[in-house]
*Asks:* 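My questions will all concern the structure given below.
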Amino acid sequence: MDGYAGNIVYADLSLGKVTIKPTPPDLKKQFIGGRGFGIRLLTDMVDPKIDPMSEKNVLVYASGPLTGTGIPLGSRYEVSTISPLTGAAMSANSGGVFGWKMKKAGFDAVVLSGKAKKPVYLFLDNGKAELRNAAHLWGKTTGQTTDAIMEELNDKSVRVSCIGPAGEKLVLFACIINEKTRAAGRGGVGAVMGSKNLKAIAARGDLPIKAADEAQLDLVKERVRKKIEDNGIEKALHNYGTAVLINIINENYVLPTRNFQTAHFANAENVSGETIAKTILKKPKGCYACIVQCGRVHEFDGETGEGPEYEPDWAFGPDCGIDDLKAVARANNICNEYGLDAISAPATIACLMEMAEKGYVKHPIRFGDAKGMLKLVEQIAKREDIGNELAEGSFRFATKYGHPEFSMSSKKQELPAYDPRGIQGYGLATATSVRGGDHVYGYMISPEVLGAPEKLDPYVTKGKPQWVKTFQDLTAAIDASGMCLFTSFALGAEDYADLLTATTGMKIDTAGLLKIGERIWNLQKLYNIKRGFGRKDDTLPARLLNEPLKEGAPKGQVWRRDEMLDEYYTLRGWDREGTPTQEKRKDLGLA
Amino acid sequence: MKVQVKAFATFREVMDSQFDLDFLQGATIRTLLEDLIERYDGVGELMFASPGTLRDFVNILKNGRNIHFLGGLDTPLDDGDVIALFPPVAGG
Ligand code: SF4
């Protein structure tokens, strides 16, 4: 055994046909799993000229060899597709229990192609797979869908990953939700699922997942467990959840406020992790095999839910000028129920708020209007009234009204909760991210703001391109392995390499691990070039390059793209346009 | 001179979350931390790995700038400074 379930299921939804094939050894060797499997299978199967919303697009679910092997925080699965929001080949990551269940059901990956004539769901059951009628589930929220499937299969051990009404309505940033609250959030993976008339995947099983060297794996597991337990950062994640970042990012004067007009929110404390812990928090919660438990279960005014995590907390809060924690938590719950990306939805609302305030769009919403914000979230999910236009994302919305400059996005995907003007390397990581506006494809906030693994000056550009490249490659490998990215605060590349070697039996050292990550990155990049992306797209909104920050220590700064981009391309072995050279492609086996 | 101190996350379990302190000219971040250790039980242990060495991932900001890029613990205090104290924190 080698940590893999051993099979991949291919579901052709147009034909209603399911085929099961062994997981190819070469795919394991070159791409490990997770994001690596997803991007390889996707780019092999899909013509780069297709419309992402057409039945020619493919959706790949994939776990990694470290998913579900009892390794702390080994819980993840990735969903890869051509994003209808950005047009790029991308992947979205989710935790919870589903990734483990998919493997226990016998599958490393699920490849979904075509389009079903009527709504269906895919049932993975102990080595078998079948498509089932989902007409009765269409229109249901993610919670209702999950309950209904568990009830009809009459089995509480079943785990469900599904879309809500937003995915059915093809909202360009609809997400996929498993276990009611865990999201494969970004890029509109839920819209692609909806476009295929696929409502859900349910998984059941108790097939064994065994490592190549169980004794060695136990030793490495113990080592990483200790590192995670002793790490101060991981402890903080448990105590305060990810929203503990609100205050530190705000105090650094890099918390985007009111659609990135400023980077400091006077009432940040009201939506901070500390305030969540004091008020609405009921208990922490974790994904499969997690000893950190950064999730938050909340309860207030008769409502229960999870989160808000840092990103939605910021986006519904400071980015919309709102300091009402309950409204933020409520908005986050609506996103989970309807299946909306809780970064792009609020960031698109923030874009409308600025355009409405400045008179470019006629609408009564203003910054700080929590009630109006909640109404807009539902309108987007249902594509009602102005929600129908906002459902296309901030870039298309702002462009339609003649002012794309108000969309705080990169490659048409809304930017996360950090202002690049005061964090130069993070800006480069986001601008060059192969999936568009993003923070988890290379989390430079860690060295530049949090000081891990070492403190890098966030205002300086020198040396950053190398850091960004290393972080991006390492993250791609972690996303392929099935581990939660939050392990990277405590673990180094050698730990992942040792875990993978003991689990898969393949000899993977640190250099080999980074090379696999680099291969994934370059494959994604090469494919996106075929879809028309180039140097012009590796950038950020003009506001961030031209309008200096107005307050605090980083006052006067803009994001300095020109000081970093060429060096980054050179380090990557790319030409001036950002295209991988023949030599680089050969080196990575992508020629 | 007057300096405002703000504490976050677990530091709030051992000290007030916001307060002002008075210092003489020439005081530094080190002076401020020594003052806190005297005032509040548990601060020293939470902040320092050994005398004079901050624990990993503890971040101290002076008016929004990490003291690591100023003068470290010897960074001088100025009248009206806001000093923010963070234990290890993270998210994504
Ligand atoms: S650290 Fe958080 S996101 Fe990661 S596995 Fe644990 S609970 Fe899930």
Side-chain angles (χ1 to χ4, degrees), chain A residues 231-237 239-254 263-264 269 272-274 277-278 292 294 309-311 313-314 416-417 422 439-440 443 445-446 448-460 484-486 488-490 551-555, chain B residues 3-20 29 32-33 42-50 53-92:
Chain A
N231 184 280
I233 288 184
E234 307 284 358
K235 284 183 197 152
L237 275 170
N239 290 339
Y240 293 101
T242 56
V244 73
L245 286 185
I246 291 272
N247 275 327
I248 190 167
I249 302 300
N250 194 46
E251 291 297 324
N252 275 278
Y253 289 83
V254 286
H264 189 75
E269 180 66 38
S272 65
E274 288 91 332
K278 239 177 18 204
V292 173
C294 76
E309 300 292 333
Y310 171 61
E311 291 288 338
D313 191 12
W314 154 77
H439 62 298
V440 286
Y443 191 60
I445 301 304
S446 190
E448 291 187 285
V449 181
L450 308 175
E454 60 185 85
K455 287 184 168 68
L456 297 186
D457 189 336
Y459 302 169
V460 167
C484 173
L485 186 57
F486 289 169
S488 64
F489 296 120
E551 297 169 83
K555 184 176 167 179
Chain B
V3 168
Q4 186 184 56
V5 181
K6 291 172 157 184
F8 295 93
T10 37
F11 285 170
R12 291 186 180 174
E13 288 163 21
V14 294
M15 66 180 110
D16 297 318
S17 48
Q18 198 170 318
F19 49 95
D20 291 340
I29 294 285
L32 183 147
L33 296 184
V43 169
E45 202 193 320
L46 271 183
M47 280 203 181
F48 288 95
S50 59
T53 310
L54 288 173
R55 279 190 186 278
D56 283 348
F57 321 127
V58 164
N59 287 297
I60 299 176
L61 310 181
K62 171 178 152 143
N63 305 323
R65 183 73 163 141
N66 201 309
I67 59 156
H68 189 79
F69 309 113
L70 300 170
L73 292 176
D74 298 320
T75 303
L77 293 174
D78 294 303
D79 191 37
D81 274 352
V82 177
I83 306 297
L85 309 170
F86 290 93
V89 292

*Asks:* Where is the tightest heavy-atom contact between B/Phe69 and A/Pro458, given as atom of each residue plus distance?
*Replies:*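 Result for this residue pair: CE1-CD, 3.7 Å.
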
*Asks:* Look at atom CD of A/Glu551 and say whether more than 12 heavy atoms of other residues, nucleotides or ligands are closer to it than 6.0 Å.
*Replies:*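 Enclosed: over 12 neighbouring heavy atoms sit under 6.0 Å from CD of A/Glu551.
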
*Asks:* For B/Glu13, is it the side chain, the backbone, both, or neither that has a heavy atom closer than 4.5 Å to a heavy atom of chain A?
*Replies:*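 Answer is side chain: those atoms of B/Glu13 sit under 4.5 Å from chain A.
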
*Asks:* Chain B heavy atoms under 4.5 Å from A/Asn231: which part of the residue, side chain, backbone, both or neither?
*Replies:*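 A/Asn231 touches chain B through side-chain heavy atoms alone.
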
*Asks:* If I measure from the heavy atoms of chain A, does B/Lys6 come under 4.5 Å with its side chain, its backbone, both, or neither?
*Replies:*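 For B/Lys6, the contact with chain A is made by the side chain alone.
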
*Asks:* Where does A/Asn239 contact chain B at under 4.5 Å (heavy atoms): side chain, backbone, both or neither?
*Replies:*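 It is the side chain, since no backbone atom gets that close.
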
*Asks:* In terms of heavy-atom proximity below 4.5 Å to chain B, should A/Leu456 be classed as side chain, backbone, both, or neither?
*Replies:*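 Contact with chain B: backbone only.
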
*Asks:* With rounding to the nearest 0.5 Å, note down the distance linking CD in A/Glu251 to CG in B/Leu85.
*Replies:*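 Interatomic distance, A/Glu251 CD to B/Leu85 CG, rounded to 0.5 Å: 10.0 Å.
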
*Asks:* If you take all heavy atoms of A/Ala236 and B/Pro88, which pair is closest and at what distance?
*Replies:*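 Where A/Ala236 meets B/Pro88 most closely, the heavy atoms are CB-O, 2.9 Å.
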
*Asks:* Between atom CZ of B/Phe8 and atom CG of A/Asn250, what is the distance when rounded to the nearest 0.5 Å?
*Replies:*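 Between B/Phe8 CZ and A/Asn250 CG, I get 8.0 Å after rounding to 0.5 Å.
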
*Asks:* What distance do A/Glu234 atom CD and B/Phe57 atom CZ have between them, rounded to the nearest 0.5 Å?
*Replies:*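 It is 9.5 Å, given to the nearest 0.5 Å.
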
*Asks:* Heavy-atom distance under 4.5 Å between the side chains of B/Thr10 and A/Tyr240, does that happen here?
*Replies:*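 They are in contact (side-chain heavy atoms under 4.5 Å apart), so the answer is yes.
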
*Asks:* Where does A/Ile445 contact chain B at under 4.5 Å (heavy atoms): side chain, backbone, both or neither?
*Replies:*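 Contact with chain B involves no heavy atom of A/Ile445 at all.
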
*Asks:* With only heavy atoms counted, which part of A/Val460 is less than 4.5 Å from chain B, the side chain, the backbone, both or neither?
*Replies:*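 For A/Val460, neither part sits under 4.5 Å from chain B.
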
*Asks:* Against chain A, label B/Asn63 side chain, backbone, both or neither, depending on which of its atoms sit under 4.5 Å from a heavy atom there.
*Replies:*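 Backbone of B/Asn63 only, per the 4.5 Å heavy-atom cut-off to chain A.
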
*Asks:* Consider side-chain contact (heavy atoms from CB on, under 4.5 Å). Of A/Ile233, A/Ile248, A/Ile249, which one does B/Val89 pass it with?
*Replies:*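 Testing each of A/Ile233, A/Ile248, A/Ile249 against B/Val89, the sole residue satisfying side-chain contact (heavy atoms from CB on, under 4.5 Å) is A/Ile248.
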
*Asks:* Is B/Ala84 in contact with chain A via its backbone, its side chain, both, or neither, using a 4.5 Å heavy-atom distance?
*Replies:*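 Looking at B/Ala84, just its side chain touches chain A.
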
*Asks:* Counting C-beta onward and ignoring hydrogens, is there a side-chain heavy-atom pair between A/Asp457 and B/Arg65 closer than 4.5 Å?
*Replies:*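 In short, these two side chains touch, coming nearer than 4.5 Å.
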
*Asks:* Go through the atoms of A/Glu269 and report whether side chain, backbone, both or neither lie under 4.5 Å from a heavy atom of chain B.
*Replies:*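 Contact with chain B: side chain only.
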
*Asks:* Given a strict heavy-atom distance threshold of 4.5 Å, which part of B/Arg12 is in contact with chain A: side chain, backbone, both, or neither?
*Replies:*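 Contact with chain A: side chain only.
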
